[in-house]
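All residue numbers refer to positions in the sequence shown, counting from 1. Fair warning: this is a prediction, and the values are worked out from it, not measured in the lab.
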Amino acid sequence: QVQLVESGGGLVQAGGSLRLSCAASISIFRFNAMGWYRQAPGKQRELVAQISYGGRTIYADSVKGRFTISRDSVENTVYLQMNSLKPEDTAVYYCGAESRFWGQGTQVTVSS
């Protein structure tokens, strides 16, 4: 059974930084892609950043230049470094593997 466990969320002021972690129970190279998604109240879940098996990354336009997705194959962990945070980044952030397996989510709140 695949388990994804997120951590690192919290409350931060605008302009601050957070790093989210997603620890997988199996090798992250078992997946074609892993990504970070977010869902704000009253909105649909959206893709924030994704990293493919080959290392190719894609980002939502709203986070380009501020967020960076990376991975550690030894720790089977995917990270999301979030800099220059804005209040509109406030959401529950989810780790997803191939859009099939999901973590429980971690709350990120950015105060103005």
State, to 0.1 Å, how close Ala91 and Gln107 come at their nearest heavy-atom pair, and which atoms those are. O-NE2, 3.4 Å

Where is the tightest heavy-atom contact between Ala49 and Leu80, given as atom of each residue plus distance? CB-CD1, 4.0 Å

Can you see which heavy atom on Leu4 is nearest to which on Gln104, and at what distance? O-OE1, 3.6 Å

Output for pair (Phe67 CZ, Gln81 CD), nearest 0.5 Å, gives 9.5 Å

Strictly distance-based, threshold 3.5 Å: is any side-chain N or O of Tyr79 a donor or acceptor partner for the main-chain N or O of Thr68? no

ILVMFWY cluster, Leu18 and Val92 together (side-chain gap under 4.5 Å): no

What is the ring orientation for Trp102 with Tyr94, classed by angle as parallel under 30°, tilted 30 to 60°, or perpendicular over 60°? perpendicular

If two hydrophobic side chains count as joined below 4.5 Å and joins carry through other members, does Tyr93 share a cluster with Tyr37? no

Distance (rounded to the nearest 0.5 Å) between Arg38 CZ and Glu46 CD: 4.5 Å

Are any side-chain N or O atoms of Thr106 and backbone N or O atoms of Ser7, one a donor and one an acceptor, separated by less than 3.5 Å? no

Same hydrophobic cluster for Ile26 and Ile28, using side-chain heavy-atom links shorter than 4.5 Å among ILVMFWY? yes

Could you walk me through whether Gln3 and Phe101 pass the side-chain contact (heavy atoms from CB on, under 4.5 Å) test, one step at a time? CA-CA 8 Å; Gln3 289 187 322; Phe101 304 102; over 6 Å; no

Minimum heavy-atom separation for Val78 and Met34, please, with both atom names. CG2-SD, 3.7 Å

CZ of Arg71 to SG of Cys22: how many Å apart, nearest 0.5 Å? 13.0 Å

Should the pair Asp89-Lys86 be classified as a salt bridge under the 4.0 Å nitrogen-to-oxygen rule? no

If you look at every heavy atom in Leu47 and Trp36, which pair is closest and at what distance? CD1-O, 3.6 Å

Could you tell me whether a side-chain N or O of Glu6 sits under 3.5 Å from a main-chain N or O of Cys95, the two making a donor and an acceptor? yes

Could you go through the side-chain contact (heavy atoms from CB on, under 4.5 Å) check for Glu88 and Val110 one step at a time? CA-CA 8 Å; Glu88 51 263 45; Val110 184; over 6 Å; no

Under a 4.5 Å side-chain heavy-atom rule over Ile, Leu, Val, Met, Phe, Trp and Tyr, are Leu11 and Leu20 clustered together? no

Is the distance between the ring centroids of Phe31 and Tyr53 under 6.0 Å? no

Distance, nearest 0.5 Å, that separates OG of Ser99 from CZ of Arg45: 9.5 Å

Nearest atoms (heavy-atom pairs only) where Pro87 meets Ser112: CG-CB, 3.8 Å

